[in-house]
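The structure appears below as structure tokens.
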Amino acid sequence: MIELIKEHSTAYQGNIKRATRLIRKLLEISGLEERRWCDRHEQPLDHVAMATNQALSECYLTPSLIDLLIYVGIGRGFLEPGNSHMIANVLGFHKAQCFDITDACMSWARALHLVDSLFKSGAYKNAIIINAEFNMIENGPLFPRNFALKNEEQIYYTFPSYSIGEAATATLLIPKEPENFAFSFSTRPDLADLCTIPMNGYEDFCHPNELIGANGPLQFTSFGIDLHKSGQDESIAVYKAMAKNKKQVDKIFVHASSKKEWDLYGQAIGVADKIHHIYPLTGNLVSASIPAAMVDAIKSDHLKRHERVALWVGSSGMSFNATHFVF
């Protein structure tokens with residue numbers, strides 16, 4: 001990461017060695033060790049296909065039997081039509097109803113909540129939630145422009161770019177336990193300008209300020225320190241609201257934005273030892289963070305059937321969620 005920043009920051013005004021020392025220190029403090037990005041010879045669609053095939057291989061369902069396909073997250077190839085339609089066409093989900101949910105890092109949790117409600121209404125017999133968070137694609141919202149630093153001030157609202165990893169996940173859901181899930185959400189739209197990827201012409205859809213789009217249209221701008229600081233009380237409150245009248249959980253899966261910060265949240269309410277972190281080995285997987293962490297926990301035998309699980313998410317917007325269920 002440091003070498004990439006040095007390579008692209010040819011117009012940096014100041015001491016680039018000092019800047020990269022600061023970035024390295026911040027990455028280490030956050031708990032980050034590795035990231036995984038799609039290689040040049042790979043396509044995000046390949047990883048979507050692998051994740052989807054793996055999910056379906058563990059049950060009796062085939063693509064032609066899936067009722068609902070929801071595509072979630074930031075990583076995408078289309079604004080129109082929804083990515084769900086393109087994925088459904090390529091992977092053979094020809095009978096599935098399709099739509100997208102775009103709510104930043106909260107997208108997967110929103111889809112989970114919606115599917116739970118749709119199951120209770122009797123509208124669908126099964127559903128699959130798919131994402132392809134490949135945001136490091138060349139000339140995308142992060143790389144290489146956010147690696148071309150111009151001054152030290154830019155680090156303040158660009159640093160989270162260097163924590164981003166890539167992943168595709170597929171989550172298959174079947175309504176066997178109608179009362180299994182309990183959700184708690186809260187929202188702070190007054191903090192929406194702290195993390196943005198604005199489109200061209202965004203000024204006509206908001207009240208512009210110096211925070212929104214500080215890195216320019218179609219580029220990732222994120223005031224990471226302010227996000228975690230502003231979201232602490234709300235994150236803790238939404239977890240407490242979920243935990244009220246619930247038994248103590250066995251495992252907690254959090255949005256992978258910073259190991260350090262989520263440990264601090266957990267310590268504040270005495271649950272830090274329950275958190276299964278994926279952030280150190282993958283970085284921030286955006287809306288894929290929690291399903292990827294659950295897969296990691298299953299494969300490492302850290303998550304077992306019948307354990308009580310909590311999902312805990314804070315997202316730009318800002319929005320917050322805590323969800324409880326038995327795995």
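Keep in mind the model is a prediction, meaning the values are calculated, not measured. The chain is numbered in sequence order, starting from 1.
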So, Asn284 versus Ser163: side-chain donor-acceptor pair below 3.5 Å or not?
no
Contact between Leu22 and Ile155 at the side-chain level, heavy atoms closer than 4.5 Å - yes or no?
yes
Classify the side-chain pair Trp262/Ser257 by whether it contains a donor and acceptor separated by less than 3.5 Å.
yes
Note, Thr52 side chain near Phe93 side chain (heavy atom, < 4.5 Å):
yes
Under 4.5 Å between any side-chain heavy atoms of Ile23 and Leu26, yes or no?
no
Without hydrogens or angle criteria, can the side chains of Ser287 and Arg110 be said to hold a donor-acceptor pair below 3.5 Å?
no
Could you check whether Glu152 pairs with Arg18 (Lys NZ or Arg NE/NH1/NH2 to Asp/Glu carboxylate O, under 4.0 Å)?
yes
Rounded to the nearest 0.5 angstrom, the CH2-SG distance for Trp108 and Cys105 is 13.5 Å
Under 3.5 Å, is there a donor-acceptor pair linking the side chains of Ser315 and His255?
no
Taking the ring centre of each residue, are Tyr71 and Phe99 less than 6.0 Å apart?
no
Would you call the rings of Tyr157 and Phe223 parallel, tilted or perpendicular if under 30° counts as parallel and over 60° as perpendicular?
tilted
May I ask you to check whether Ser319 and Asn321 show a side-chain donor-acceptor distance below 3.5 Å?
no
Intermediate values then yes/no, ring pair (Phe, Tyr, Trp, His ring centres under 6.0 Å), Tyr124 and Phe119
CA-CA 6 Å; Tyr124 299 98; Phe119 280 169; 7.8 Å; no
Are any non-hydrogen side-chain atoms of Ser316 and Leu194 less than 4.5 angstrom apart?
no
Is Arg308 close enough and on-axis enough to Phe327, meaning under 6.0 Å and within 45°, for cation-pi?
no
Do the non-hydrogen side-chain atoms of Met86 and Leu45 ever get within less than 4.5 Å of each other?
no
Can you tell me how the ring of Trp37 sits relative to the ring of Phe143, calling it parallel under 30°, perpendicular over 60° and tilted otherwise?
tilted
